[in-house]
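Okay, so here's the structure we're looking at.
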Amino acid sequence: MGQKARVVSEALYSDVSRAQSDPIGAPRVRFAPSPTGYLHVGSARTALFNWLFARRHRGVFILRIEDTDAERNREEWVDGIFSALSWLGLEPDEGPYRQSERGELYAAAIEKLVSAGKVYACDCTRDEVLRRTKQATTPGYDRYCRDRGLAPGPGRLLRFRVPDEGNVVVRDLIRGDVEFACSSIEDFALTKSTGAPLFVLANVVDDIEMRITHVIRGEDLLPSAPKNVLVWNALGGPELPVFAHLPILVNERRQKLSKRRDPVSVDLYRDQGYLSSAFCNYLALLGWSPPGGEEIMQIEQLVSSFDLEDVSHSPAFFDVRKLTHFNGEHLRAMAGEEFVSTCLPWLAGLVTQSRSLEVDAFRQLAPLVQERVSTLAEVPEMVGFLFVDLPEVKEVAWEKVMRSPVSKAILDAAASAYRCCDWAKEPIREATLQIAENAGMKLAKAQAPIRVAVTGATVGLPLFESLEVLGRAKTLERISAAFERMGAENIVLENAEPENTANTGPEPASGVAPV
RNA sequence: GCCCCCAUCGUCUAGUGGCCUAGGACGCCACCCUUUCAAGGUGGUAGCACGGGUUCGAAUCCCGUUGGGGGUACCA
């Protein structure tokens, strides 16, 4: 942050601290999305920063739907935004306001600007403007209608009369003062030719009316900030708001996240099993870093340490791998019961018999699941073996460990040992260890065929705990099913004696892969 | 084209002139732990875009270059 920015922010922060003891001066911020059907991750980050700032300084977080464009205004388009915000826990203190319901305000503002001569009517068609722009000296619109004295009316849009000289200074908490020469700003349109208000107008009218103190938004809006300032002053608004233009979020090609090729909908992450707390945590660290350095934080910690002056300047890449790591951390930080109830909806598709029985089985293994998953979506696969009659054995798993006489011998031994041992984790482990020793193998290697027979996979939850919860009957049933399949595949049983691999040729021992 | 913003490991970042031999986190690699897989622990990998200044001293301040990005609608 440059020297200028620091000076500016110090001045503003003294304002803020004054505001804390004076509710009338408390910061008022707004998140102002347009209806898009879903919440974009970049928008979510903007909403989060606004919300955090408001919470941190005991201010007010306002939600305003910028739906002045009638063609893009459908009710379901806003519902998606509401539900995503609510999932994230970013509930507004005021609103939602809808610009489509605030037409009188804009009409009054237009009236005011017209009578003050701040705007003028223009009846140029887009083609005409485009054609003339090419040889014009001014940027954009060539001011053709500026002095024609056209009366406002149907078919004529209203343009802002940008001063010929001077600069517009945008005070930005993150970037310092940004100056724009008036000569580089075109006479922009404030209304459509139908008279309908455009974004630049409605946005400023509402910010004034809602007494917004801090405009926190994406950097892509920085070029429109000088226009906002111009209109604000023309409207005779009170003290200008302070801007804070957040660095944008980019993809791996360093371009603004696009809905066409990047996964940008917040819903997508919710549906993939990410926790809103982890999502907010990760989003907060995109462009901001906590003074302490500790990255894994709950929402309350975010609120207590957040500040706009710690926001960085450069675009940030949305890295789903780091998000996933954060999610795992948040999952593991949950209380056991909370983790169980959070998982339940993800298990709904697996329920076969008695729900309470299955929930109970899941609850027993949940602590082991909890430290192994990084998204909720991984849960069903991990415990699926509990809820079926016979597991679906993955072919690669079968190929890898079951095509061996040694494996068949282990299953054979396990079948008899498991028939009589006490059915609990420890005795099962003891019995299995005995089998391994008899076969001259490590426990790690010997448990593999049992795991495949019982769960269908080479990796999974700790085996003996899994067997205990599964129950003796199902365990034996699965082992014998695997045993029979091996018979059908002409895998012969051999002695469970310790073998001398040097003499038995290349086949047997190497047939069991360590898993 | 014009206007504006930005520039530290692959990524997110700490760094506000000496504490920097540049710190942390994700990822990756190795080892430890271990009933598989994770988790956890330990260690490692890798960076100040370039060129000029200012200064006793620059990742840090200034200028320029280069590179990247955003904006440029009767969308928001």
Side-chain angles (χ1 to χ4, degrees), chain A residues 1-3 6 32-36 66-69 71-72 99 122 124-126 129-130 134 138-141 156-159 170 172 174-175 178-181 183-186 188-196 198-200 202-203 218-226 245 247-248 250 252-256 282 285-291 293-296 310 312-319 321-326 328 332 368-374 378 382 428-429 432-433 436 442-448 450-452 455 457-465 514-515:
Chain A
M1 187 186 301
Q3 195 68 35
R6 231 170 297 129
S34 57
T36 47
E66 306 225 320
D67 55 357
T68 52
D69 188 0
E71 281 159 36
R72 292 207 216 167
Q99 293 188 325
C122 166
C124 298
T125 66
R126 173 190 284 249
V129 174
L130 237 45
K134 284 176 187 164
T138 50
Y141 181 66
R156 292 172 181 176
L157 57 81
L158 258 22
R159 286 185 183 278
V170 174
D172 190 294
I174 296 169
R175 291 156 211 286
V178 184
E179 287 194 9
F180 297 80
S183 58
S184 72
I185 305 170
E186 70 171 330
F188 51 95
L190 287 180
T191 70
K192 293 191 180 192
S193 53
T194 60
L198 249 19
F199 158 72
V200 262
N203 182 271
E219 189 190 353
D220 49 340
L221 268 337
L222 183 51
S224 72
H245 286 99
I248 56 167
V250 297
E252 65 285 349
R253 288 168 54 193
R254 302 250 115 216
Q255 287 164 338
K256 198 167 118 176
Y282 177 66
L285 295 201
L286 250 26
W288 173 77
S289 60
E294 180 50 53
E295 294 194 330
I296 304 298
D310 297 323
S312 73
H313 308 169
S314 33
F317 169 60
F318 185 91
D319 186 356
R321 288 183 306 180
K322 189 159 182 176
L323 201 215
T324 303
H325 174 260
F326 273 44
R332 270 170 257 126
L368 301 177
V369 176
Q370 188 171 6
E371 63 182 12
R372 250 157 274 258
V373 294
S374 53
E378 296 165 23
M382 203 161 270
I428 296 171
R429 196 186 86 92
T432 313
L433 187 59
K442 294 250 186 182
L443 182 54
K445 205 169 169 184
Q447 54 96 49
I450 303 171
R451 177 184 294 281
V452 172
T455 72
T458 54
V459 299
L461 262 16
L463 220 216
F464 311 123
E465 289 84 341
V515 290

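Every chain is numbered from 1 and lettered A, B, ... according to where its sequence line falls, protein lines coming before strand lines. Basis for what follows: all heavy atoms, side chains included, without hydrogens, waters or symmetry-related copies.
A/E66 comes within contact range of the sugar-phosphate backbone alone, with a heavy-atom separation under 4.0 Å but no base atom that close. Residue A/P462 is classed as a base contact, given a heavy-atom separation below 4.0 Å to a base. As judged by a 4.0 angstrom heavy-atom cut-off over every strand, A/S193 is placed among the base-contacting residues. Here A/T68 lies in heavy-atom contact (under 4.0 Å) with sugar-phosphate atoms only. Residue A/Q255 is in sugar-phosphate contact alone, with no base atom involved, counting any heavy-atom pair closer than 4.0 Å across all strands shown. Residue A/L463 is in base contact, counting any heavy-atom pair closer than 4.0 Å across all strands shown. Looking at heavy-atom distances under 4.0 Å, A/F464 makes contact with a base. As judged by a 4.0 angstrom heavy-atom cut-off over every strand, A/L157 is placed among the base-contacting residues. A/L461 comes within 4.0 angstrom of a base, heavy atoms only. As judged by a 4.0 angstrom heavy-atom cut-off over every strand, A/L221 is placed among the base-contacting residues. No engagement by A/Y282 is indicated, since no non-hydrogen atom pair under 4.0 Å with the nucleic acid exists. At a threshold of 4.0 angstrom between heavy atoms, the contacts of A/G287 are confined to the sugar-phosphate backbone, with no base atom among them.
The separation between A/L130 atom CG and B/U72 atom P is 14 Å, rounded to whole Å. Rounded to whole Å, the distance from OH on A/Y141 to P on B/G71 is 25 Å. The nearest whole Å value for the distance from the CZ atom in A/F180 to the C1' atom in B/U72 is 12 Å. The nearest whole Å value for the distance from the CG atom in A/L323 to the C1' atom in B/U11 is 13 Å. If you take CZ of A/R253 and P of B/G69, they are 9 Å apart, rounded to a whole angstrom. Between A/D220 atom CG and B/G68 atom C1' there is a gap of 16 Å when expressed in whole angstrom units. Rounded to whole Å, the distance from CZ on A/F188 to C1' on B/C4 is 16 Å. Rounding to whole angstrom units, NZ of residue A/K192 and P of B/C74 are separated by 10 Å.
At the phosphate of B/G71, OP1 or OP2 sits under 4.0 Å from a side-chain N or O atom of A/K256. Here A/T458 does not reach the OP1 or OP2 of B/C37: none of its side-chain N or O atoms lies under 4.0 Å away. Put simply, A/K322 has no side-chain N or O that comes within less than 4.0 Å of OP1 or OP2 on B/U13. The phosphate of B/C74 has OP1 or OP2 within less than 4.0 Å of a side-chain N or O from A/R159. In this structure, A/S312 reaches the B/U13 phosphate: one of its side-chain N or O atoms is under 4.0 Å from OP1 or OP2. Between A/R429 and the phosphate of B/U35, there is a side-chain N or O to OP1/OP2 separation shorter than 4.0 Å.
The backbone N or O of A/V452 lies less than 3.5 Å from no partner atom in the side chain of A/T455, so there is not a single donor-acceptor pair. Judged by distance alone, with hydrogens and angles left aside, the side-chain atoms of A/E378 form a donor-acceptor pair with the main-chain N or O of A/S374 at under 3.5 Å. A/S34 contributes no side-chain N or O that, together with a main-chain N or O of A/E66, makes up a donor-acceptor pair within less than 3.5 Å. Under the 3.5 Å distance criterion, the side-chain polar atoms of A/D310 are left unmatched by any main-chain donor or acceptor of A/W288.
Distance check on atom C1': B/C48 versus B/U16 gives 15 Å, rounded to whole Å. Comparing the same atom, C1', in B/G18 and in B/C61 gives a spacing of 15 Å after rounding to whole Å. Between the P atoms of B/G47 and B/U21, the separation comes to 16 Å (whole Å). Taking the P atoms as reference points, B/G10 lies 28 Å from B/C63, given to the whole Å. Only the C1' atoms considered, B/C19 is 14 Å distant from B/G57, to the nearest whole Å. B/C32 and B/C26 have their C1' atoms separated by 22 Å, given to the nearest Å. Going from the C1' atom of B/A73 to that of B/U13 covers 37 Å, rounded to whole Å. Of the C1' atoms belonging to B/G69 and B/C33, the separation is 47 Å, rounded to the nearest Å.
Pair assignment for B/C19 gives none, since no Watson-Crick or G-U wobble pairing has each distance under 3.5 Å. For B/A7, the paired nucleotide is B/U66, the pair qualifying as Watson-Crick or G-U wobble because both relevant distances are below 3.5 Å. Nucleotide B/C74 forms no Watson-Crick or G-U wobble pair with any nucleotide shown, as no partner meets the under 3.5 Å limit on both distances. Across all strands shown, B/A46 has no partner, as no Watson-Crick or G-U wobble contact with both distances under 3.5 Å is found.
Relative to the side chain of A/R254, the nucleotides B/C75, B/G68, B/C26 differ in distance, and B/G68 lies closest. Which of B/G70, B/U36, B/C5 sits closest to the side chain of A/R451 comes down to B/U36. The side chain of A/L286 lies closest to B/C12, out of B/C12, B/G27, B/C74. Distances were taken from every side-chain heavy atom of A/E465 (C-beta onward) to each of B/C74, B/A76, B/U35; the shortest belongs to B/U35. Of the candidate nucleotides B/A73, B/A76, B/C26, B/C26 has the atom lying nearest to any side-chain atom of A/R321. The side chain of A/E219 sits closest to B/C5 out of B/C5, B/A76, B/C3. Side chain of A/P223, nearest nucleotide from B/G71, B/U35, B/C4: B/G71. The side chain of A/R332 has B/A39 as its nearest neighbour among B/U13, B/C5, B/A39. Among the nucleotides B/A14, B/A76, B/C37, the one closest to any side-chain atom of A/F199 is B/A76.
For A/S184 against B/C3, no side-chain N or O and base N or O form a donor-acceptor pair under 3.5 Å. Contact annotation: side chain of A/R175 to base of B/C5, donor-acceptor pair absent below 3.5 Å. Judged by atom type and distance alone, A/E371 does not reach the base of B/G40 through any side-chain donor-acceptor pair under 3.5 Å.
What you find for A/V170 and A/P226 is that their closest heavy atoms are CG2-N, 3.8 Å. Of all non-hydrogen atoms in A/H245 and A/E219, the two that sit nearest each other are CB-CA, 4.0 Å. When every heavy atom of A/A189 is checked against every heavy atom of A/V200, the shortest pair comes out as O-CG2, 3.5 Å.
Within the cation-pi definition used here (under 6.0 Å to the ring centroid, within 45° of the axis), A/R159 does not qualify as a partner of A/F188.
Within the 4.5 Å cutoff, side-chain heavy atoms of A/L323 are placed close to those of A/F318. Within the 4.5 Å cutoff, no side-chain heavy atoms of A/R332 are placed close to those of A/R372.
Mapping A/S314 and A/F318 onto RNA chain B via the closest heavy atom, the residue that lands nearer the 5' end is A/S314. Along RNA chain B, the nucleotide closest to A/D319 and the one closest to A/C122 are compared, and the more 5′ of them pairs with A/D319.
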